[in-house]
Peer 1: 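Before we start, here is the structure in question, set down as structure tokens.
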Amino acid sequence: MSDTRHDVRLSVNGVGHDVSVPARRLLSDALRHDLGLTGTHVGCEHGVCGACTVLLDGRPVRACLMLAVSAVGCEITTVEGLARDDGSLGPVQQAFAECHGLQCGFCTPGFLTTITAGLADNPTPTHEECRDMIAGNLCRCTGYQNIVRAVERAAELIAEEGEAS
Amino acid sequence: MKPAPFDYHRPGSLAEALAILAGEPGAKVLAGGQSLVPLLSMRLAAPAALVDINGLPDLDAVTVTDDGVRVGALARHADVLASTAAAERQPLLGMALAHVAHATIRNRGTTVGSLVHADAASELPVVLRLLGGSVDVASVGGTRTIAADDLYLGPLESSVAPDEIATSAWFPALEPGAGVAFDEVARRHGDYALCGVAAVVRVEGDRVVSARAGFVSVADLPTVVDVTDALTTVDAAALADLGDVVLPHLDPADDVHATADYRAQLVRVLTARVVGTAYDRARERGTAR
Ligand SMILES: Cc1cc2nc3c(=O)[nH]c(=O)nc-3n(C[C@H](O)[C@H](O)[C@H](O)COP(=O)(O)OP(=O)(O)OC[C@H]3O[C@@H](n4cnc5c(N)ncnc54)[C@H](O)[C@@H]3O)c2cc1C
Ligand code: FES
Ligand code: FES
């Protein structure tokens, strides 16, 4: 048994990062500690709460249930990658701000990544589908109503942008 | 919560992976990690080495033939659930997968990993047994096929040997004259079931030729019970009585989520509902032809 370090290249939000990590380093910890991307939050560390959710090749996954060494060759998107190029809020972030979809904000990064992928998959979700989209994420503050509203609002914003361009 | 240190291998071919496993008796296979990584983090497991199979080629296919559905070891639950061809050939697979965790977990967790993990609270092991499926495994010594009935030895214990890699699972097609159904009750959508029931019922006309039900979370092992003899006539009373037929084969337990009595009550209600639905579907298919 050893804590040998492995040199791996993690591609996060379009930027390659060379890191040297022990095999047991969770992806969530590599993002936060090795790369300083502290937007990805860590709650339960066993897959239940969803705070650590990142996109792996566009699909939401739990960063706390992946080893960083196992993420080589994958494109990772964290909450830091959801803002627009000019630094302003992306559509899902903006919808959260407008609809008061957050209070303490601890759960928010996981919701934002999950919903970003969910709306890419299904740009016109029904109310029921909006609820289903976030069923795997826990929030202790909001009571979810405003988060569901934010999903619906984000879908509107994305559609409006599509029409405008 | 951090895993204890381990050696890490990421082989690029199956042969290489099998050679590493043969040479390191304390090594474990890492597939989707959705069961193994929590166990590592909670230090309920501390293997000396992990053999990460995510870099192996050609293991991610979901192949549908007339006879059934073959699921490769790296096909994620989400890939299997997304296959409309698979859902057509064996609807029970998709019905059960929809209850496996949340979409985010299904994006990474593998169907074969779930079968090998052998958790009696998981939906898929019981589905594999109910359908008479199998798992193909490989080791440096060669390959073998393990029938579902020989796969489960004890809680979290399958007959896949430590030096073997499961390469695929086989779910046979829905038989002519058969109907299937699945339902479960969980504390929250996506949680492990308090009790889940799957059923396959085969009919000729209105007569039941064969009826079997499988049970999730109410026994130590994925358990299937044959209830054909209890359905010589199918009516609400016969369906309601099925609970008493199957409960002697089960062992619902108390835990923080539910009492044993409540689980037993779920067995009664869900068995009647699910077997009844499978029966109706079997008859519908019969008359549709
Ligand atoms: C929050 C949460 C909720 C969940 N809810 C459910 C649920 O409701 N129902 C359910 O069924 N599951 C549930 N799961 C578990 C999930 O389905 C896992 O994906 C599955 O149990 C294991 O698959 P995996 O690919 O992640 O395997 P891993 O975690 O990588 O491995 C699990 C075990 O199987 C072995 N293994 C895996 N693949 C192979 C192989 N090809 N050959 C040999 N050995 C292998 C590993 O060595 C390990 O011992 C949940 C998980 C989480 C985190
Ligand atoms: S920290 Fe990963 S799911 Fe809770
Ligand atoms: S805003 Fe506080 S946990 Fe969701």
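The chains referred to below are lettered A, B, ... by the order of the sequence lines, with proteins before strands, and numbering in each begins at 1. Heavy-atom basis, side chains included; hydrogens, waters and symmetry copies ignored. These numbers were taken from a predicted model, which means no experiment stands behind them.
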Peer 1: Take atom CG of D85(A) as the centre, draw a 6.0 Å sphere, and report whether it contains more than 12 heavy atoms from other residues, nucleotides or ligands.
Peer 2: no

Peer 1: Compare every heavy atom of P60(A) with every heavy atom of N107(B), then report the nearest pair and how far apart it is.
Peer 2: ND2-O, 2.8 Å

Peer 1: Would you sort out whether K2(B) and E45(A) count as a side-chain contact (heavy atoms from CB on, under 4.5 Å), showing the intermediate values?
Peer 2: CA-CA 9 Å; K2(B) 309 295 167 201; E45(A) 290 195 293; 2.9 Å; yes

Peer 1: What residue in I105(B), T104(B), V37(B), L40(B) has the most heavy-atom pairs under 4.5 Å with chain A?
Peer 2: T104(B)

Peer 1: Applying a heavy-atom distance below 4.5 Å, give me the residues of residues 14-27 of chain A that approach chain B, sorted by number.
Peer 2: A23(A), R24(A), L26(A)

Peer 1: For H46(A) versus P38(B), what's the shortest heavy-atom pair and its separation?
Peer 2: CB-CB, 4.0 Å

Peer 1: Pick one of side chain, backbone, both or neither for V72(A), based on which atoms fall under 4.5 Å of a heavy atom in chain B.
Peer 2: both

Peer 1: For atom CZ of F106(A), decide whether the heavy atoms of other residues, nucleotides or ligands shown that lie under 6.0 angstrom number more than 12.
Peer 2: yes

Peer 1: Mark yes when over 12 heavy atoms from residues, nucleotides or ligands other than R140(A) sit less than 6.0 Å from its CZ; otherwise mark no.
Peer 2: no

Peer 1: Checking L30(B) against chain A: side chain, backbone, both or neither under 4.5 Å from a heavy atom?
Peer 2: side chain

Peer 1: Output every pair passing side-chain hydrogen bond (donor to acceptor under 3.5 Å, both in side chains) with a member in residues 35-64 of chain B, not counting sequence neighbours, ordered by first then second residue.
Peer 2: S70(A)-D52(B), Y8(B)-D52(B), R10(B)-D52(B), D52(B)-N54(B), N54(B)-R76(B)

Peer 1: Quick check for you: to the nearest 0.5 Å, what is the distance between H102(B) atom NE2 and D132(A) atom CG?
Peer 2: 10.5 Å

Peer 1: Take atom CD in E157(B); do more than 12 heavy atoms of anything else shown fall under 6.0 Å from it?
Peer 2: yes

Peer 1: Among the options L67(A), T4(A), T114(A), pick out the one with the most heavy-atom pairs lying under 4.5 Å from chain B.
Peer 2: L67(A)

Peer 1: If we only count heavy atoms from C-beta on, is the R59(A) to R108(B) side-chain gap below 4.5 Å?
Peer 2: no

